[in-house]
Amino acid sequence: MKILVINAGSSSLKYQLLDSETHDLLAKGLCERIGIGGHIKHTPTGREAYSADINMPTHAEAIQTVLDLLVHPEHGVLNNVSEIDAVGHRVVHGGEEFANSVLIDDDVMKAMERCIPLAPLHNPANITGINACAAVMPGVPNVAVFDTAFHQTLPPKAFIFALPYEYYEKYKVRRYGFHGTSHRYVAERAAALMGRPLEELRLVTCHLGNGSSVCAIKNGKSIETSMGFTPLDGLPMGTRSGAVDSGILEFIMNREHLNISEMLTILNKKSGVLGISGVSSDFRDLDEAAAQGNERAKLAIDVFTYKVTKRIGSAAAAMGGLDGVIFTAGVGENSAELRAQIVDGLEFIGLKLDPEKNKTRGKEAIISTDDSPNKILVIPTNEELVIAMDTAEIVSKLKK
Ligand code: ADP
């Protein structure tokens, strides 16, 4: 099946066209400046990218532009738009409503709207993308794949915050976790590489990119994860603080004369490794600065890797043991130095890194020594492929 995968933001729309049987990427691209002009960059696989300013007052024009390019005589990869069997949408928040990917109908749309207060910046854009596809591609099924769904298996002891219980009852304030599609994909691939059934394994998946989270996956199910009610919790990230003592907020707000929304902007946009280093949110810049002797860049890297190390330990404790640790996303897939720093000292839980094997970048590999009791792996994530596969599976059942 040919599946169009859509990741709609408020003024942008990322897309990929994938073949669910061969897993081939046929084309990908990005629409930007929707509503304030419009620009598209479209790349058919193996051919030159095409960029153009095209007016896109709404997401519907953006989708139409994507479809026009997919069948374009020069830049296209399809003869006819009708070759697209279904559309898979990335949706950030499924709340407690969705533990799996679903075919979108009126009831699903209503449930997604109920989740808007949980992700006010993201879910409305995702819903706009779905409405645009329904308008421009009538009759083509749409499937929603949620970032939170994989973590719906967390037990109450892992998802309840130690706040008055009524906040959970009244407002659904709890740990949801994010990056679920990525954690699920790399765990499945790791089991395949280890040659063991996922249902028997205790895995810690480390998604380390601009946003970062660690997940404990026991017998194929997420039982603990570091992101919480929002993606601000857990590890320090590029610009996000991760978990901090909430008592600090009032202390700083009083002294710096900040209101709560200004404080949250600082926690989301000016903290993390950017905040500590004062250099950059990008780990490549930090590596460079640290190599030139910048102490705060080095400190930012040390704080980050130390917290990841501790999270691996606590995830192993949550599962009562460990079989493998997986690194993925920009930092996890590419940085041998950070991986080495993170697992340094974790031999006591059976993790022995092979420095030669660790030199790998951006491809699937086992990087622990042959005699390491537990495995360390690098698995490049592929969230779009998961969205395409879930969509194909749901749509193929429809046709039966
Ligand atoms: P996002 O969370 O936005 O999807 P990515 O998964 O693409 O982000 O990760 C981006 C991060 O990965 C950036 O901080 C970037 O510096 C980092 N990164 C990419 N390549 C390397 C590398 N070779 N060494 C260290 N960090 C890297």
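All ligand and atom numbering here is 1-based and tracks the order in the structure.
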- [ ] Do me a favour and list the nearest non-hydrogen protein atom to atom 26 (N) of ligand 1 with residue, atom name and distance?
- [x]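 Heavy-atom neighbour on the protein nearest atom 26 (N) of ligand 1: Phe283 CB, 3.6 Å.
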- [ ] Can you pull out the closest protein heavy atom to atom 16 (O) of ligand 1? Residue, atom name and distance to 0.1 Å, please.
- [x]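 The protein heavy atom lying closest is Asp282 OD1, 2.3 Å.
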Open item on the list: Could you check whether Glu32 and Ser12, counting side-chain N and O atoms only, form a donor-acceptor pair closer than 3.5 Å?
Closed with: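 No, because no side-chain N or O of Ser12 sits under 3.5 Å from a partner of the opposite role on Glu32.
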According to the interplanar angle, ranging from 0 to 90°, do the rings of [X] and [Y] count as parallel (below 30°), tilted (30 to 60°) or perpendicular (above 60°)?
X      : Y      : answer
His179 : His207 : parallel
Phe146 : Phe98  : parallel
Phe229 : Tyr176 : tilted

Open item on the list: Among residues at least two apart in sequence or on other chains, which ones pass side chain to side chain donor-acceptor pair (under 3.5 Å) with Asp302?
Closed with: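 Asp302 satisfies side chain to side chain donor-acceptor pair (under 3.5 Å) with Lys298, Gln341 only.
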TODO: Going by heavy-atom distance to atom 19 (C) of ligand 1, choose the closest among Gly330, Gly362, Ser335.
DONE: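 When every heavy atom of Gly330, Gly362, Ser335 is considered, Gly330 comes closest to atom 19 (C) of ligand 1.
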Task: Closest to atom 21 (C) of ligand 1 (judged by heavy-atom distance), picking from Val331, Leu286, Asn334 - done: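 The nearest heavy atom belongs to Asn334.
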TODO: Return each pair, listed once, that meets salt bridge (Lys or Arg N to Asp or Glu O under 4.0 Å) where at least one residue sits in residues 134-149; pairs must be two or more places apart or across chains.
DONE: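 Applying salt bridge (Lys or Arg N to Asp or Glu O under 4.0 Å) to every pair that reaches into residues 134-149, excluding sequence neighbours, yields Arg90-Asp147.
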- [ ] Give yes if a backbone or side-chain nitrogen or oxygen of Ala329 is under 3.5 Å from a nitrogen or oxygen of ligand 1, and no if not.
- [x]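 Not met; the criterion fails.
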Task: N or O contact, Asn210 vs ligand 1, cut-off under 3.5 Å - done: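 Yes, there is a polar N/O contact under 3.5 Å.
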TODO: Identify, by atom number and element, the atoms of ligand 1 in contact range of Gly211, meaning under 4.0 Å from any of its heavy atoms.
DONE: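 Ligand 1 atoms under the 4.0 Å threshold to Gly211: 2 (O).
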Task: Numbering as shown, the atoms of ligand 1 that approach Arg361 to under 4.0 Å (heavy-atom distance) - done: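 Near Arg361, meaning under 4.0 Å from one of its heavy atoms, ligand 1 has 23 (N).
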Open item on the list: Check for me whether Arg184 meets the cation-pi criterion with Phe150, that is, NZ or CZ under 6.0 Å from the six-membered ring centre and within 45 degrees of the ring axis.
Closed with: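 Cation-pi check for Arg184 and Phe150: fails.
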Open item on the list: Is atom 6 (O) of ligand 1 near the protein, in the sense that some protein heavy atom lies at less than 4.0 Å from it?
Closed with: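 When distances to the protein are checked, atom 6 (O) of ligand 1 has a heavy atom within 4.0 Å.
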